[in-house]
Amino acid sequence: MKILIADDEPLARSRLRRIIEDMGHHDIVGEATNGKEVLVQSGELKPDLILLDIRMPQMDGLEAALHLSNLDNPPAIIFTTAFSEHALAAFGSHAVDYVLKPIRRERLEQAIQKARKVNRAQLVELGQNDETDHSRTHISAQISGNIRLVPIEDIFYFQAEQKYTTVRYTDGEVLIDESLKSLEEEFGDRFVRIHRNALVAKAYMDALEKLPSGQWVVKLRGLNGALEVSRRHMTGIRKLLKQLSS
Amino acid sequence: MNESNQSPLPDGDAAPDAADDFFLPDFCNVRMVFAVVVIAEMLAIVLTLAPLERAANRWEDLSIISLFIQWVALISSAVLCLARSWLRKLSDTAAATASYLLLLTTTSLISEATYWAAHWLFLGPNLPQGWHTDFLISNIGICAIVSAIVLRYFYIQHQYTRNLEAKSQARIQALQSRIRPHFLFNSLNTIASLTTTQPELAEEATIDLADLFRGTLANASYEVQLKQEWNLARRYLHIEKLRLGQRLQVEWAVDMVPMDALIPQLTIQPLVENAIYHGIEHIPEGGTITIAGTIENGAKKENRLITITITNPVPGYTPPKERASNKMAQENIRMRLAAYYGAKGKLLAKKVDAMYELTLQFPYITARK
């Protein structure tokens with residue numbers, strides 16, 4: 001089995017490596033030190049299994065797993081963790097496999113034997129069960145088998161089309177298949193609904209303008225053109241802009 | 001004579017809920033009102049007994065004085081009850097001054113009303129010359145003195161209970177501030193990894209860990225010498241250095257600080273732990289934690305303040321969780337400093353650019369009586 005090891009601590013990685021090498025018949029294809037590296041390496045190396053530490057800088061293990069689950073053929077995941085009260089309780093109830101550090105050899109062997117793919121629903125629920133605020137730091141889209149990551153702070157707006165949602169950000173556009181409703185729930189502190197089909201980043205909102213037709217629109221900083229505001233959301237947007245400008 | 005409404009009742013009634021951190025008790029409380037009535041009556045009796053000349057009819061005097069004092073007492077209670085939500089927004093000094101003025105004003109108004117009622121209703125012009133002014137002045141005088149005493153009483157009572165609470169809180173908080181389980185298990189993992197490859201380092205780490213736990217398990221509610229806190233922090237950083245490798249750099253600049261200064265136990269190490277847990281660990285390339293200390297110049301030792309700053313870089317993005325726990329550790333230490341040093345013990349946090357800076361301040365004390 002091709003295995004990728006992900007942990008930000010060098011000694012933790014080397015111990016895992018030693019244990020797996022002792023087992024034989026497995027191939028360690030790479031080591032990653034944070035969630036972003038995991039995504040890059042799993043795209044290049046196509047591992048069958050990732051041993052994924054939860055607490056890592058820049059992007060943690062839970063979020064990396066969430067992005068991986070968007071792939072058509074995601075690798076199996078075993079979480080490794082030292083201690084996290086909430087996560088531990090959540091793991092048990094969601095049939096996601098995890099091993100506790102310091103890792104016991106037999107326990108890891110057992111976990112690898114029955115390693116399975118984790119599905120998105122399990123991961124989402126895991127995040128929600130985690131009690132702490134766990135919104136993603138990136139949005140991911142699958143582009144020809146690879147993962148394209150978009151940092152949340154680069155996003156201008158989400159716009160719902162018929163089947164997909166367009167994500168417009170500083171470097172272009174990607175399509176994702178998440179609903180505006182779930183995005184709004186997850187990122188409600190950063191984005192605001194201005195229309196049935198649009199969710200806009202508060203940080204980029206610049207001005208509210210009225211077109212000759214009587215239609216109100218919002219202008220975004222760093223972006224040409226404007227987005228329609230529905231009458232239902234007008235009061236809220238006005239209030240928000242006043243708050244932002246004060 | 002409204003002073004009677006300030007019931008010097010012990011804490012139970014005066015402080016209906018512990019979270020209510022205001023020195024004036026709640027006068028809307030039924031038990032409080034009852035206390036006000038009882039004490040107003042006691043004051044009425046004192047005033048009835050006080051005159052030197054032999055009174056014609058003490059019972060009649062008592063009933064009139066009681067009637068008046070109860071009016072003043074209950075109306076003043078009502079005023080303070082209504083004004084309480086406004087008063088508590090003010091600083092302690094402003095609130096005390098405002099309630100003092102409220103009490104004086106209420107008393108004057110009621111005295112004035114009483115005089116005119118008496119004048120128009122029954123006595124009319126029979127009232128002796130100058131009685132109006134006398135009546136007003138003596139009421140305000142009594143009110144001014146007794147109100148001042150009673151407000152002062154409330155204030156001291158409040159400080160006292162708050163201090164007691166802080167001390168017992170400090171004890172609990174000290175227990176809670178012990179090392180994170182997260183750290184324990186990660187350290188054990190590090191040691192497990194080192195045992196086969198670098199046994200000497202594994203041995204060192206085990207001993208550091210033992211010292212660290214010994215330090216945190218013993219008498220967690222006392223002050224210790226700063227030297228001990230430094231040692232604890234150094235042992236802690238030594239273990240973290242093994243775990244994080246090049247990502248963790250530490251700079252010490254604490255030569256200026258007297259090592260015999262007393263400091264509540266487990267003050268420095270938890271803050272250093274936070275600097276790693278919320279700072280370094282979230283940055284892929286790591287960074288430097290700076291621990292620096294200075295002491296003020298001054299003639300008298302206790303008047304010199306020791307300042308310790310702990311600085312760490314913070315990640316450019318917001319890590320998704322754990323902010324709450326950071327606040328908790330800081331709050332915990334802030335409370336303990338306040339319990340030991342009052343207003344002289346401080347913990348300030350500020351973020352400048354990509355650096356997080358904690359400043360710890362406390363007086364230089366080497367021995368407790």
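Order of the sequence lines fixes the chain letters, A, B, ..., with proteins taken first and strands second; residue numbering starts at 1 for each chain.
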Tell me, side chain or backbone of B:Leu194 under 4.5 Å from chain A's heavy atoms, or both, or neither? side chain
Is it true that a side-chain atom of A:Asp27 and a backbone atom of A:Val29 form a donor plus acceptor pair closer than 3.5 Å? no
Quick one: NZ on B:Lys350 to OG1 on B:Thr359, what's the gap to the nearest 0.5 Å? 6.0 Å
A:Glu178 vs A:Thr165, test: side-chain hydrogen bond (donor to acceptor under 3.5 Å, both in side chains). Steps then yes/no. CA-CA 7 Å; A:Glu178 294 180 54; A:Thr165 299; over 6 Å; no
Are the aromatic rings of B:Tyr277 and B:His182 close, with centres under 6.0 Å apart? yes
Side chain, backbone, both or neither of A:Ile103 within contact of chain B (heavy atoms, under 4.5 Å): backbone
If I measure from the heavy atoms of chain A, does B:Leu188 come under 4.5 Å with its side chain, its backbone, both, or neither? both
Please flag which part of A:Asp8 lies under 4.5 Å from any non-hydrogen atom of chain B: side chain, backbone, both or neither. both
When rounded to the nearest 0.5 Å, the distance separating CD1 of B:Ile268 from CD of B:Gln228 is 12.5 Å
Top contributor to chain B contacts, counting heavy-atom pairs under 4.5 Å, from A:Lys101, A:Gln58, A:Glu153: A:Gln58
Between B:Leu242, B:Thr190, B:Thr196, which shows the greatest number of heavy-atom pairs under 4.5 Å with chain A? B:Thr196
Rounded to the nearest 0.5 Å, what's the gap from CZ on A:Arg148 to NE2 on A:His67? Could you check? 14.0 Å
Contacts with chain B made by residues 37-45 of chain A (heavy-atom distance under 4.5 Å), listed by residue number: none
Report the relative orientation of the aromatic rings in B:Trp230 and B:Trp252; use parallel for angles under 30°, tilted for 30 to 60°, perpendicular for over 60°. perpendicular
Excluding sequence neighbours, so at least two apart, what forms salt bridge (charged side-chain N to carboxylate O under 4.0 Å, His left out) with B:Lys89? none
Proximity of A:Phe158 and A:Phe191 rings by center, below 6.0 Å: yes
